[in-house]
Amino acid sequence: MDSINRNQPETNRRDLSGSEAIKRVKDMTDDADTCFFCTAGSTGSTNGVRPMSVRKADDAGNLWFLSANDSHKNHELAANPAVKLYFQRDAHAGFLELEGRAEILEDRARIHDLWNPMLKTWFTEGEDDPRISVIRFTPQSGYYWDNKHGNLVAGAKMTVGALVGKTLDDSIEGRLMF
């Protein structure tokens with residue numbers, strides 16, 4: 001344990017597994033919405049990293065995305081399905097890192113379920129655009145860091161801690177296991 005965490009008067013570490021890990025992922029991805037989607041390989045100018053919007057987080061912990069079937073991302077996933085996702089809910093809290101596997105699906109019913117009219121920006125033929133594919137990301141492990149009681153309480157604890165010279169941090173962090 002590092003010196004900052006040793007000086008904490010309260011527990012700020014909690015590893016989560018199973019349904020608790022899934023709930024943490026759903027809560028944080030609902031708030032963050034967008035992530036950095038990082039593939040293991042790079043076939044384009046992105047070095048395998050690009051922003052992606054999560055279309056849905058399901059009850060099994062899978063994250064669902066829509067993608068163009070001719071994209072560099074899809075080519076990279078076909079070669080190696082290993083993926084890392086990085087989320088940040090806001091400037092001071094809500095950090096999430098997930099490692100897992102991605103699978104490309106051609107599932108018209110799932111596309112219908114995930115569709116939003118704003119996606120026509122990328123898929124110009126609409127929901128029936130033949131270029132749309134579905135990516136199902138299945139997490140295998142991860143790490144989170146957040147505030148226990150929200151930014152207002154975290155800020156108040158930091159202010160009091162600075163005034164009295166004591167580590168009063170409202171953070172909570174831990175590993176996620178699925």
Side-chain angles (χ1 to χ4, degrees), residues 1-2 4-5 11-116 119 122 131-148 169-178:
M1 182 182 291
D2 62 59
I4 291 174
N5 288 323
T11 301
N12 67 335
R13 176 133 188 121
R14 184 159 184 248
D15 294 340
L16 303 175
S17 62
S19 62
E20 285 184 307
I22 291 169
K23 182 178 181 338
R24 174 64 66 166
V25 168
K26 286 181 76 170
D27 289 348
M28 292 180 89
T29 59
D30 282 350
D31 290 343
D33 183 46
T34 302
C35 67
F36 281 109
F37 188 107
C38 308
T39 57
S42 174
T43 60
S45 60
T46 68
N47 289 325
V49 179
R50 75 276 295 155
M52 291 284 292
S53 178
V54 176
R55 300 301 310 140
K56 182 178 184 177
D58 69 24
D59 292 337
N62 298 309
L63 301 180
W64 297 86
F65 301 86
L66 293 179
S67 177
N69 56 21
D70 61 351
S71 68
H72 290 296
K73 171 186 2 54
N74 282 38
H75 293 289
E76 292 162 5
L77 293 174
N80 184 343
V83 171
K84 287 189 178 188
L85 304 179
Y86 297 93
F87 294 86
Q88 183 173 348
R89 184 180 62 230
D90 62 47
H92 303 289
F95 304 101
L96 176 65
E97 177 268 338
L98 295 172
E99 294 182 40
R101 313 286 282 169
E103 179 182 9
I104 301 168
L105 306 169
E106 300 294 332
D107 181 340
R108 300 314 297 177
R110 182 65 69 172
I111 291 167
H112 176 75
D113 180 49
L114 301 174
W115 182 254
N116 176 309
L119 295 171
W122 296 278
R131 296 175 305 117
I132 303 174
S133 64
V134 176
I135 296 174
R136 176 178 54 204
F137 171 81
T138 303
Q140 296 171 324
S141 64
Y143 189 82
Y144 74 97
W145 184 94
D146 206 355
N147 291 326
K148 293 179 209 167
D169 183 0
D170 194 51
S171 68
I172 185 74
E173 62 184 312
R175 291 180 301 147
L176 298 168
M177 296 153 290
F178 301 91

Evaluate the side chain to side chain contact (heavy atoms under 4.5 Å, CB included) criterion for residues Leu77 and Val83: first the C-alpha distance (whole Å), next the side-chain angles of each, then the deciding distance (0.1 Å), finally the verdict.
-> CA-CA 8 Å; Leu77 293 174; Val83 171; 3.4 Å; yes

About how many Å separate [atom2] of [Y] and [atom1] of [X], when rounded to the nearest 0.5 Å?
{"X": "Thr29", "Y": "Leu85", "atom1": "OG1", "atom2": "CG", "value": "9.5 Å"}
{"X": "Asp113", "Y": "Trp64", "atom1": "CG", "atom2": "CH2", "value": "9.0 Å"}
{"X": "Arg131", "Y": "Ser67", "atom1": "CZ", "atom2": "OG", "value": "10.0 Å"}
{"X": "Lys23", "Y": "Met28", "atom1": "NZ", "atom2": "CE", "value": "11.5 Å"}
{"X": "Ser141", "Y": "Leu176", "atom1": "OG", "atom2": "CG", "value": "8.5 Å"}
{"X": "Arg13", "Y": "Trp145", "atom1": "CZ", "atom2": "CH2", "value": "13.5 Å"}

So [Y] and [X], do their side chains get closer than 4.5 Å, heavy atoms only?
{"X": "Arg136", "Y": "Glu103", "result": "yes"}
{"X": "Ile22", "Y": "Asp59", "result": "no"}
{"X": "Arg55", "Y": "Asn116", "result": "yes"}
{"X": "Leu98", "Y": "Leu63", "result": "yes"}
{"X": "Leu66", "Y": "Val134", "result": "yes"}

Kindly determine whether Asn74 and Ile135 satisfy side chain to side chain contact (heavy atoms under 4.5 Å, CB included), including the steps that lead there.
-> CA-CA 9 Å; Asn74 282 38; Ile135 296 174; 3.9 Å; yes

Nearest non-hydrogen partners of [X] and [Y], listed with the distance:
{"X": "Ala32", "Y": "Phe87", "result": "CB-CD2, 3.9 Å"}
{"X": "Gly142", "Y": "Phe178", "result": "N-CE1, 4.5 Å"}
{"X": "Leu16", "Y": "Ala21", "result": "O-CB, 3.8 Å"}
{"X": "Tyr144", "Y": "Arg14", "result": "OH-O, 2.6 Å"}
{"X": "Ala82", "Y": "Arg101", "result": "CB-NH1, 3.7 Å"}
{"X": "Ser133", "Y": "Ala68", "result": "OG-C, 4.1 Å"}

Donor-acceptor pair, [X] side chain versus [Y] backbone, under 3.5 Å?
{"X": "Arg89", "Y": "Asp31", "answer": "no"}
{"X": "Asp15", "Y": "Arg175", "answer": "yes"}
{"X": "Arg108", "Y": "Glu106", "answer": "no"}
{"X": "Asn47", "Y": "Val49", "answer": "no"}

Atom CZ of Phe36 with >12 non-hydrogen neighbours under 6.0 angstrom =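 Open: at most 12 neighbouring heavy atoms sit under 6.0 Å from CZ of Phe36.
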
Identify, with sequence neighbours excluded, every residue that meets side-chain hydrogen bond (donor to acceptor under 3.5 Å, both in side chains) alongside Arg110.
->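 Once residues adjacent in sequence are excluded, Arg110 has no partner under the side-chain hydrogen bond (donor to acceptor under 3.5 Å, both in side chains) criterion.
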
Any ion pair linking Lys26 and Asp30 (charged N to carboxylate O, less than 4.0 Å)?
->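 Result for this pair is no, no salt bridge flagged.
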
Once the angle between the rings of Phe37 and Phe65 is folded into 0 to 90°, is it parallel (under 30°), tilted (30 to 60°) or perpendicular (over 60°)?
->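 Perpendicular.
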
